[in-house]
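Input: a single structure, listed below in structure tokens.
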Amino acid sequence: MAETQKKIAVVAIGGNSLIADDKHVTVEDQYQAARQTTFHIADMIESGWSVAIGHGNGPQVGFILRRSEIAHKYEGMHEVPLDVCGADSQGAIGYALQQNLQNELYHRGIKTNVVTCVTQTLVDLGDSAFKNPTKPIGGFMDEADAMRRKNEMGWNVVEDAGRGWRRVVASPQPKEIVELDTIKTLLSVGICVICVGGGGIPVADVGEGVYQGVAAVIDKDLASSLLARELKADLFLISTAVEKVAINYGKPNQQWLDRMTLAQAKQYLAEGIHFAKGSMAPKIQAIVQFLEAGGKTALITNPQNIGRAMRGETGTWIVNE
Ligand code: ADP
Ligand code: MG
């Protein structure tokens, strides 16, 4: 079938890049940001790429949790567990991307269907990340509330530099994408799939093939990399808030890069001073994993420059050579 011969791109969209700035956080604002990114993805589909879209959800899950906390505190509403917040965010962000992309493709007369797949990502409960949860989640609490939740709900809580108490969860490695076969099948018949939102909902196999949601977060760049590896993607594109990657980022000798080899990427990562932990470092790590598994090219740029970058005019290209 012709569709299976198409080149496959995995495009990972940053949760932060869907929020232009702190004055543009409403659902409508996020919809408009999604529109800009999907316009460029429509260009890729128009020029013959088969596209799987992954996305982040950090700020969006933060909003869902805050709503849940406020509704619980003032109205006694039930709270939303973290895995379900992840599912909610996949649905809402997926909807914004899906509808925008469908509208744009329809406008161009391109008959490609788009679907959002609620995706679970398998994690290992033995992952060392569970021994030392570090990822802060949700709002600040006072000490009494933190202790109550620790005792009654088994939360891990930490005191955050005098600002109050916060819940922390683990960020384990993604082991397997549960819906992988479904995603592959959809792509093979020409459907554009939005999946692994927020890195996927973390689930553990609790025995005899029974999956159960886990209160953890998975790095979306690492999960998108796993997807790109499993799909043997021709291109792994990370769309984020910067046009290019820099070495010596934020220092007087900062230097924006047009191109990096796999060996250079590994060296810069090892030097530990170039890519901020928790933002750029996991992206480079994700790309190193993709290239080491045989991937050929990866690209990091921002939504507005995807088109120019695809023409080789900008962005940072990371290549396997
Ligand atoms: P996303 O939501 O797309 O994952 P992040 O904020 O996690 O976004 O990561 C992207 C951010 O990483 C950029 O906006 C930039 O501020 C920061 N960053 C850290 N180190 C670098 C670097 N070496 N080069 C470019 N950007 C960097
Ligand atoms: Mg990030």
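For ligands, and for the atoms within them, numbers begin at 1 and follow the listed sequence. Quick caveat, the model's predicted, so the values are computed rather than measured.
Counting the atoms of ligand 1 from 1 in the order shown, those under 4.0 Å from a heavy atom of Phe275 are 20 (N), 23 (N). Distances below 4.0 Å separate heavy atoms of Val245 from the following atoms of ligand 1: 24 (N), 25 (C).
No salt bridge links Arg229 with Glu292; every basic N to acidic carboxylate O contact stays at or beyond 4.0 Å.
With respect to atom 14 (O) of ligand 1, the closest heavy atom belonging to the protein is Ala241 CB, 3.5 Å. Counting only heavy atoms of the protein, atom 15 (C) of ligand 1 lies nearest to Tyr249 OH, 3.3 Å. Of all protein heavy atoms, the one lying nearest to atom 13 (C) of ligand 1 is Val242 CG1, 3.8 Å. Looking at atom 24 (N) of ligand 1, its nearest protein heavy atom turns out to be Ala246 N, 2.9 Å. The single protein non-hydrogen atom nearest to atom 17 (C) of ligand 1 is Ser279 OG, 3.8 Å, given as residue, atom name and distance. The closest protein non-hydrogen atom to atom 6 (O) of ligand 1 is Asn16 ND2, 3.4 Å. The nearest protein atom to atom 4 (O) of ligand 1, hydrogens excluded, is given as Lys283 NZ, 2.6 Å; this is a heavy-atom distance. Of all protein heavy atoms, the one closest to atom 10 (C) of ligand 1 is Thr240 OG1, 3.2 Å.
A pairwise comparison of heavy atoms in Lys175 and Val123 identifies CG-CA, 4.0 Å as the closest pair. Closest of all the heavy-atom pairs between Lys296 and Phe290 is N-CE2, 4.1 Å.
A cation-pi arrangement is found for Arg108 relative to Phe39, the charged atom lying closer than 6.0 Å to the ring centre and inside a 45° cone about the ring normal. Both tests pass for Arg167 against the ring of Trp155: distance under 6.0 Å to the centre and angle within 45° of the axis.
Backbone and side-chain nitrogen or oxygen atoms of Ala276 are examined, and one is located within less than 3.5 angstrom of a nitrogen or oxygen of ligand 1. Between Trp256 and ligand 1, a contact under 3.5 Å exists for no N or O pair. Taking only nitrogen or oxygen atoms, main chain and side chain alike, His274 reaches within less than 3.5 Å of ligand 1. Remark: ligand 1 and Lys244 share no N or O pair separated by less than 3.5 Å (distance only, no angle test).
Glu243 pairs with exactly one of Thr314, Asn302, Thr316 by the side-chain hydrogen bond (donor to acceptor under 3.5 Å, both in side chains) rule, that one being Thr314. Tested against Ile93 for a side chain to side chain contact (heavy atoms under 4.5 Å, CB included), the candidates Ile13, Thr116, Leu18 yield a single pass: Leu18.
Linking Ile, Leu, Val, Met, Phe, Trp and Tyr residues whenever their side-chain heavy atoms come within less than 4.5 Å places Val114 and Ile41 in a single cluster.
Residue Gly56 places no heavy atom under 4.0 Å from ligand 1.
For His274 and Tyr249, the ring centers are positioned 6.0 Å apart or more.
With hydrogens and angles left out, the side-chain atoms of Gln36 and Gln32 include no donor and acceptor closer than 3.5 Å.
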